[in-house]
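Computed over heavy atoms, backbone and side chain alike; hydrogens, waters and symmetry mates excluded. As the structure is a computational prediction, the values presented were derived from the model and not from experiment. Sequence lines set the chain letters: A, B, ... in the order given, protein chains first and strands last, and positions in each chain run from 1.
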Number of protein chains: 2
Amino acid sequence: MGSVRDSFREYLSDHGLKTTRQREIILDEFLSSPSHLSAEELYLRLRSNHPNIGYATVYRTMKLLADSGIASERHFGDRQTRYEPNIGEEHHYHLICNGCGKIIEFENGAIEQLLLDVAGEHQFTLSHQRLELYGMCPDCKARK
Amino acid sequence: MGSVRDSFREYLSDHGLKTTRQREIILDEFLSSPSHLSAEELYLRLRSNHPNIGYATVYRTMKLLADSGIASERHFGDRQTRYEPNIGEEHHYHLICNGCGKIIEFENGAIEQLLLDVAGEHQFTLSHQRLELYGMCPDCKARK
DNA sequence: TTACAATTGAAAATGATTGTCAAGTTATCA
DNA sequence: TGATAACTTGACAATCATTTTCAATTGTAA
């Protein structure tokens, strides 16, 4: 099970970094929270049970999680950096409601193939990709 | 020609806003600059010929250009908001080199159609979309 | 356990962007 | 044209997210 935790520990020790209580707590909270939280939102969630964990520590740890490949940084419309866990290797994309901020994830092999083709035409070696569709979800349209 | 300038004037008057010398100068500079500049970069470019145009005015004007549909806001890896002129109505996407920062624009009707399909499946009405591929360009790969 | 390097929390610093406000401009309409 | 009201401007302060600093604390390799 706790393989994510193990791989984080491994990443840390491989890089001469230390496994600390705070880092493990933050990782656990991240994994058991909804996706696409910002560092601040995570900090607020942690505060009730761990009021002694500092703001900067959450920021620093999220960056570590991104560096270690456990999480990915995302930037949607707003100003904050959001994080999502990296589950498997499939790419997925986002559909974001301008009205309520709801984020729907989707995958699409045909799109992915076309993207690879485009990259190939330009002789690019892709590292990552970002695809976001913004619009109004049915609920928000109805609410008007 | 100056139809972009005309449509900006029209947007302003339709919204009870005023056509000012500064706004016209900023629009001209924006249109005659490379794409994907940030407000700050535009401010720096303007400074030599128009040292009296303030920082905040450039920010405010760029926002107006985005609101009026003349420009689009873009967020790439870095922290700054960048602007690009909206040419016609076609959607285009970006291929960005992690090595040198080069940005290549491309269009692809097949991808666009698939995106519309996805939005339709979720009953979303799309307002805009964002698609970015990050990777290494051939030059940067060779340089290694 | 020791000893040293990494980490923490709190607070200050940073960088991009936005707000404030007095003074200056623009557009309208008499 | 000129008065007037409303919008803008520039300078600078404020804000927001994030990063840095630093003294005190805590992992960890030996």
> Taking for each residue the nucleotide of DNA chain C with the nearest heavy atom, is it B:His75 or A:Tyr43 whose nucleotide lies nearer the 5' end?
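This one resolves to A:Tyr43.
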> With side chains defined as the heavy atoms from C-beta onward, is the minimum distance between A:Glu10 and A:Asp6 less than 4.5 Å?
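SC-SC contact between A:Glu10 and A:Asp6 ruled out.
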> Rounded to whole angstroms, how far apart are CG on B:Leu64 and P on C:dT17?
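Value for this atom pair: 16 Å.
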> Please state whether the phosphate of D:dT19, meaning OP1 or OP2, lies under 4.0 angstrom from any side-chain nitrogen or oxygen of A:Tyr59.
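Looking at the OP1 and OP2 atoms of D:dT19, neither is under 4.0 Å from any side-chain N or O of A:Tyr59.
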> Ignoring backbone atoms, test whether B:Lys63 places a side-chain nitrogen or oxygen under 4.0 Å from the OP1 or OP2 oxygen of C:dT17.
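No, no such contact exists.
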> Rounded to whole Å, please give me the gap between CG in A:Leu12 and P in D:dT26.
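These atoms are roughly 18 Å apart.
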> Just checking, any donor-acceptor pair under 3.5 angstrom between side chains of B:Arg45 and B:Ser33?
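Side-chain D/A pair, B:Arg45 to B:Ser33: present.
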> Nearest whole angstrom, please: distance from the P of D:dT28 to the NE2 of A:His15.
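Rounding to the nearest Å, NE2 of A:His15 and P of D:dT28 are 15 Å apart.
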> Rounded to the nearest angstrom, tell me the gap between atom OH in B:Tyr83 and atom P in C:dA16.
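Nearest whole value for this atom pair: 14 Å.
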> Ring centroids only, cut at 6.0 angstrom: are B:Phe106 and B:His94 within range, meaning strictly under it?
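Aromatic pair excluded; centres sit 6.0 Å or further apart.
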> For residues A:Ser35 and A:Glu105, determine if any side-chain heavy atom of one lies less than 4.5 Å from a side-chain heavy atom of the other.
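In contact.
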> Output yes when at least one side-chain N/O atom of A:Arg23 is less than 4.0 Å from OP1 or OP2 of C:dT7, else no.
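For C:dT7, OP1/OP2 do have a side-chain N/O of A:Arg23 under 4.0 Å.
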> In whole angstrom, what separates A:Tyr55's OH from D:dT20's C1'?
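Between C1' of D:dT20 and OH of A:Tyr55: 15 Å.
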> Taking only nitrogen or oxygen atoms into account, show me every contact under 3.5 Å that the protein makes with nucleotides 24-27 of chain C, one pair per line with its distance.
unit_1	atom_1	unit_2	atom_2	d
C:dT26	O2	B:Lys18	NZ	2.8

> So, does B:Asn86 use its side chain to make a donor-acceptor pair with the main chain of B:Gly69 at under 3.5 Å?
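Yes; at least one donor-acceptor contact below 3.5 Å.
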> Taking only side-chain N and O atoms of B:Arg79, does any of them lie within less than 4.0 angstrom of OP1 or OP2 on D:dC16?
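Answer no for this pair, as no side-chain N or O of B:Arg79 is under 4.0 Å from OP1 or OP2.
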> Output yes when a side-chain donor or acceptor of A:Thr57 lies under 3.5 Å from a complementary backbone atom of A:Ile53, and no otherwise.
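Checked: no pair found.
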> In whole Å, what is the span from the CD atom of A:Glu24 to the C1' atom of D:dT28?
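It is 14 Å, rounded to the nearest whole Å.
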> Between atom CD in A:Glu73 and atom C1' in D:dT19, what is the gap in whole Å?
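Taking CD of A:Glu73 and C1' of D:dT19, I get 13 Å after rounding.
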> Output yes when a side-chain donor or acceptor of A:Ser127 lies under 3.5 Å from a complementary backbone atom of B:Tyr134, and no otherwise.
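Yes, A:Ser127 side chain to B:Tyr134 backbone: donor-acceptor pair under 3.5 Å.
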> What contact category does A:Ser38 fall into here, base, sugar-phosphate, or nothing, at under 4.0 angstrom with non-hydrogen atoms?
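Here A:Ser38 touches no strand at all.
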> Considering heavy-atom distances to DNA chain D, does B:Thr57 or A:Glu40 have its closest nucleotide positioned more toward the 5' end?
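Per heavy-atom nearest nucleotide, the more 5' residue is B:Thr57.
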> For the pair made of CZ in B:Arg82 and C1' in C:dT17, what is the distance, rounded to whole Å?
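In whole Å, C:dT17 C1' and B:Arg82 CZ are 14 Å from each other.
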> Looking at B:Arg60 and D:dG10, is any side-chain donor or acceptor paired with a base atom of the opposite kind under 3.5 Å?
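Side chain to base: pair found, below 3.5 Å.
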